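Lettering follows sequence order; numbering is per chain, from 1. The structure displayed is predicted, hence computed values, not measured ones.
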Amino acid sequence: MLTTRMAWLIQTGQASPFGLLAVTFTNKAAREMVTRVSSLLPIDTRGLWIGTFHSLCNRLLRAHHRDAGLPQSFQILDTTDQLAAIKRLIKGANIDDEKYPPRDVQRFINHAKESGERPGAMEAYDNHTRRMIEIYELYEAQCQREGVADFPELLLRAYELLSRNAPIREHYQRRFRHILVDEFQDTNTLQYRWLTLLAGGGASLFAVGDDDQSIYAFRGANVGNMADFERDYARGTVIRLEQNYRSYGHILDAANALIEHNSGRLGKNLWTSQGAGEPVRVIEQPTDGMEAQWVVDEIRAQINEGRERREIAILYRSNAQSRVIEHTLFTAGIPYKVYGGLRFFERQEIKHALAYLRLIANPDDDTSFLRVVNFPARGIGARTMETLVDMARADGASLNATVARVPGKGGSNLIQFVRLIAQLAEDTRQLPLPEAVEHVIEHSGLLQHYRGEREGAERIENLGELVTAAAVFSGEDSSHGLPSGLPRPVDDSVSADIDAAPNLAAGLSPLSAFLSHASLESGDNQAQAGEDAIQLMTVHAAKGLEFDSVFITGMEEGLFPHENSILDASGLEEERRLMYVAITRARERLTITLAQSRMLHGQTRYAMRSRFLQEIPEQHLKWLSPKVAAPRMQDNAWGGSRQGDAFGRAATGRIAPRESRGVTTGVTVGDQHFRIGTGVRHARFGEGTVLGLSGSAQDAQAQIQFRDAGMKTLALGIAKLEIVS
DNA sequence: CGGCGACTGCTTTTT
DNA sequence: GCAGTCGCCG
């Protein structure tokens with residue numbers, strides 16, 4: 001879509017490749033875009049500005065680092081590094097980490113940055129927020145001192161650079177006459193502002209997005225940007241893409257009907273000319289284990305019918321669900337591939353090696369210092385480190401600079417460490433990047449450490465891969481970096497165009513360039529292409545993919561929609577969009593499965609069918625398991641549920657009353673029999689409905705959704721509950 | 001200082 | 001059920 005437009009703009013002479021800016025969210029999407037454009041047009045793709053928000057901002061900041069107030073070789077903190085930095089700050093400033101948990105602080109800071117807010121300009125109406133803002137301020141100072149920038153900082157800095165510096169802003173505004181954005185529904189507030197700022201010189205802004213596929217609100221995405229875009233660019237044209245070339249009719253109709261239950265959509269209705277196909281198949285099994293077994297048996301049958309394994313996907317709402325499925329597939333001897341999980345540059349051994357490299361590039365990088373100062377162990381313990389950190393704090397100096405003054409044995413060990421870093425720096429100064437990386441791995445002690453470890457073989461292999469990655473990067477960088485023979489507009493007021501200083505050019509060392517590459521590109525998550533295997537992934541990870549045959553598993557209240565999301569309408573609507581995404585992944589065959597009970601958090605839990613099944617009209621469904629004619633729960637479990645109360649609708653869910661193969665859906669405590677769906681009254685919490693049961697008779701617990709008091713888990717033997725329905 | 005056993009808490013995820 | 005963190009003990 002975007003690529004076709006780019007090709008068209010260039011071919012019709014409306015734009016030069018040089019005047020285009022295309023933004024994506026993932027490196028993968030950016031790479032795909034480059035590949036597709038180059039297949040459409042015989043142009044030098046090195047002249048194209050296609051990248052993620054973060055990589056483009058990174059380039060801007062490297063090129064204009066002085067105006068942005070950053071050292072040219074600033075390091076990028078990934079999420080884990082950022083958390084470590086915050087923990088260190090909280091400890092150092094003697095802040096109560098019970099009251100200000102590092103994770104909460106991190107969320108607060110990132111949220112502020114993504115809203116374009118600096119601590120100085122933030123208002124607090126309570127003490128807790130006030131303190132949070134202070135911590136944010138301290139954190140900023142710490143990052144500035146250490147010359148590091150976290151992910152949201154890249155965006156905010158770049159935005160501030162453009163908005164405050166008119167010559168730079170105007171330079172890029174003149175240059176990029178066409179800005180194209182993919183997956184626009186995933187943009188956050190700051191990203192949208194960044195785009196409108198760049199497009200502010202009258203450039204054309206072209207965005208592709210689907211509000212029904214907005215599933216990242218939890219990380220700051222603002223679907224509202226789509227409506228704002230229509231409003232802000234009133235002259236713009238909205239083109240709805242409703243014809244779907246992927247799925248058969250029943251599948252699309254199911255998706256359409258489901259998403260109709262959401263409010264405030266921009267509105268669209270998918271259709272296909274492919275014919276109805278087969279209805280969506282649904283099956284209910286007593287346990288999660290049997291659900292997995294049924295899926296595996298069914299997959300075996302589909303493979304026998306000639307379907308390729310790679311064309312079959314098993315989707316789930318949360319990663320924890322993959323365990324049983326993997327186990328069952330493994331037992332059955334069917335090859336499978338799990339997407340997600342740790343990515344290459346996030347692996348412990350890789351992060352350790354990178355920390356040594358970062359220290360070589362910048363000895364004042366305290367985060368990296370702390371990471372490897374005692375890894376492998378070299379006799380530097382908590383005591384010594386406490387002394388060092390305190391002294392460094394008192395001086396406002398880096399750890400590296402303070403080492404010499406730490407007394408005792410710890411002090412001399414520290415000096416040894418600093419000497420090691422200096423030695424590594426010297427040894428590698430003249431080496432080509434891959435050899436430098438290899439040298440550091442061998443002489444830092446990492447290799448030796450992992451040789452002595454039981455499960456070290458894989459880690460050593462990965463370290464070898466890091467050398468390969470460095471070699472690939474070195475080979476590619478000239479093309480990565482883009483300075484090519486292309487003519488480019490010269491603007492006297494802005495001497496450092498981003499072309500002039502992407503990676504290798506303009507004095508950024510190969511090492512620094514590689515390190516920023518490693519931070520921005522976290523690497524593949526182990527999905528080796530080519531092998532024909534069943535595809536396992538979360539629904540989130542499945543966005544943008546398609547398969548001939550899709551299984552959506554765990555279709556139960558509390559799981560999908562997730563219990564943490566059903567309490568407010570917006571959370572529930574995001575869950576519904578997630579289900580919409582899941583359904584529309586299937587081309588030919590869609591199978592939805594659910595289990596009456598499953599092992600969750602080490603406990604057996606019972607749940608009822610997902611409300612989403614009720615939201616798909618019967619004519620598009622085909623029940624493969626006997627669809628128990630369960631008594632409908634009273635439409636209002638608590639009589640007179642409020643309008644719009646998401647749970648009012650949940651309460652209409654059917655219950656599975658039968659007992660089968662030892663699995664009960666009810667439990668008797670005292671004289672009272674509780675089942676899923678039972679209406680209860682509690683002296684303090686008021687009226688509610690039993691949504692889940694776990695444990696056995698003596699210590700049975702119930703998850704109860706109270707009308708006013710929210711979701712509670714109560715021990716049935718202790719809580720005094722009155723059954724009202 | 002380091003290793004090991006107890007304790008906790010727990011969607012989704014890219015950069 | 002499992003991973004990550006904490007605190008105690010050798």
Side-chain angles (χ1 to χ4, degrees), chain A residues 23-30 51-58 76-83 87 97-98 101-103 110 113-114 149-156 158 183 186-188 190-191 214-221 288 315-324 326-327 339-343 345-346 348 374-386 408-410 413 516-525 537-544 554 558-567 571 574-575 577-579 581-582 598-605 713:
Chain A
V23 194
T24 62
F25 274 87
T26 65
N27 292 300
K28 190 168 159 236
T52 63
F53 279 101
H54 291 85
S55 69
L56 295 170
C57 288
N58 178 45
I76 299 166
L77 300 185
D78 70 15
T79 313
T80 322
D81 300 333
Q82 184 192 28
L83 187 63
K87 280 182 181 165
D97 64 357
E98 304 248 306
R103 294 201 163 275
N110 288 349
K113 288 187 179 183
E114 278 157 11
D150 57 43
F151 285 134
E153 183 71 26
L154 294 176
L155 290 168
L156 183 52
E183 302 278 9
D186 291 337
T187 51
N188 64 34
L190 180 59
Q191 286 160 339
S214 163
I215 54 173
Y216 287 115
F218 72 91
R219 66 174 196 212
D288 51 351
L315 309 184
Y316 33 82
R317 174 66 180 84
S318 62
N319 285 306
Q321 287 167 253
S322 78
R323 248 181 46 87
V324 198
E326 281 187 70
H327 175 77
Y339 287 76
L342 261 200
R343 284 187 299 273
F345 286 111
E346 290 167 353
Q348 186 209 86
N374 200 32
F375 192 97
R378 42 176 75 88
I380 300 168
R383 247 290 134 61
T384 309
M385 285 314 295
E386 204 175 310
K409 179 131 184 307
N413 286 342
S516 79
H517 165 80
S519 309
L520 287 172
E521 172 109 36
S522 40
D524 289 332
N525 9 352
M537 64 194 84
T538 63
V539 179
H540 281 91
K543 195 174 95 166
L559 240 201
F560 203 175
H562 197 276
E563 61 186 349
N564 295 356
S565 301
I566 41 187
L567 296 181
E574 180 144 318
E575 294 287 317
R577 290 192 293 270
L578 203 46
M579 182 61 182
V581 168
R598 74 173 59 239
M599 199 62 161
L600 210 62
H601 305 319
Q603 272 191 324
T604 306
R605 304 228 309 190
T713 301

With [atom1] as the reference atom in both, quote the distance from [N] to [M] in angstrom, rounded to an integer.
| N | M | atom1 | result |
| --- | --- | --- | --- |
| C:dT5 | B:dT12 | C1' | 23 Å |
| B:dT14 | C:dA3 | C1' | 22 Å |
| C:dC6 | B:dT11 | C1' | 25 Å |

Touch check for [X], heavy atoms < 4.0 angstrom, all strands: base, sugar-phosphate only, or nothing?
| X | result |
| --- | --- |
| A:Ile380 | sugar-phosphate |
| A:Asn27 | sugar-phosphate |
| A:Tyr216 | sugar-phosphate |
| A:Gln191 | nothing |
| A:Phe151 | base |
| A:Asp150 | nothing |

Practice item. Measure from CG on A:Asp97 to P on C:dC6 and round the result to the nearest Å. Key: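 So the two atoms are 8 Å apart, to the nearest Å.
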
Check your understanding: If you pin A:Pro152 and A:Ser318 to their nearest nucleotides in DNA chain B, which one's is more 5'?
Key ->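 Result of the comparison: A:Ser318.
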
Check your understanding: For A:Ala320 and A:Asn374, take the nucleotide of DNA chain B holding the closest heavy atom to each; which residue's nucleotide lies nearer the 5' end?
Key ->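 Nearest nucleotide further toward 5': that of A:Asn374.
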
Does [X] put a side-chain nitrogen or oxygen below 4.0 Å from OP1 or OP2 of [N]?
| X | N | result |
| --- | --- | --- |
| A:Thr79 | B:dT15 | no |
| A:Arg323 | C:dG1 | no |
| A:Asn110 | B:dT15 | no |
| A:Asn319 | B:dT12 | yes |
| A:Thr384 | B:dC1 | yes |
| A:Arg343 | B:dT14 | yes |
| A:Lys543 | B:dT14 | no |

Check your understanding: Under the 5.5 Å and 30° test, is A:Phe218 stacked on the base of B:dT12?
Key ->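 Base of B:dT12: stacked against A:Phe218.
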
Check your understanding: Do A:His540 and the base of B:dT12 stack face to face, with centres under 5.5 Å apart and an angle between planes under 30°?
Key ->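 Check failed, A:His540 does not stack on base of B:dT12.
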
Practice item. Name the orientation class of the two ring planes belonging to A:Tyr216 and A:His540 (parallel below 30°, tilted from 30 to 60°, perpendicular beyond 60°). Key: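 Ring orientation of A:Tyr216 relative to A:His540: tilted.
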
Review point. Has the side chain of A:His54 got a donor or acceptor that lies under 3.5 Å from a partner of the other kind on the base of B:dT15?
Key: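 Yes, a donor-acceptor pair under 3.5 Å.
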
Check your understanding: On a plain distance test, is the side chain of A:Thr52 in donor-acceptor contact with the base of B:dT14 below 3.5 Å?
Key ->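 Answer is no: no donor-acceptor pair is held.
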
Practice item. Measure from the side chain of A:His601, starting at C-beta and using heavy atoms only, and say which of B:dT15, B:dT12, B:dT11 lies closest. Key: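 That would be B:dT11.
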
Check your understanding: Looking at the angle O4'-C1'-N9-C4 for a purine or O4'-C1'-N1-C2 for a pyrimidine, is B:dT11 syn or anti, with syn meaning within 90° of 0?
Key ->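 This nucleotide is in syn.
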
**Study point:** Pair A:Asp186 + A:Lys543: basic N to acidic O under 4.0 Å
**Key:**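 Answer for the salt bridge query: yes.
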
Review point. If you measure from the Lys or Arg side-chain nitrogens to the Asp or Glu carboxylate oxygens, is any gap between A:Arg219 and A:Glu114 under 4.0 Å?
Key: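 Looking at A:Glu114 together with A:Arg219, the answer is no, because their closest N to O distance does not fall below 4.0 Å.
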
Check your understanding: Hey, does the side chain of A:Glu574 reach the backbone of A:Ala217 with a donor-acceptor pair shorter than 3.5 angstrom?
Key ->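 At least one qualifying donor-acceptor pair exists.
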
Check your understanding: Judged by atom type as modelled, is there a donor-acceptor pair below 3.5 Å linking the side chain of A:Glu575 to the main-chain atoms of A:His562?
Key ->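 Yes, the answer is positive, given that a donor and an acceptor are paired below the 3.5 Å cut-off.
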
Check your understanding: How about A:Arg103: does its CZ atom have over 12 heavy atoms from other parts shown lying under 6.0 Å from it?
Key ->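 For A:Arg103, atom CZ is not crowded (no more than 12 foreign heavy atoms under 6.0 Å).
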
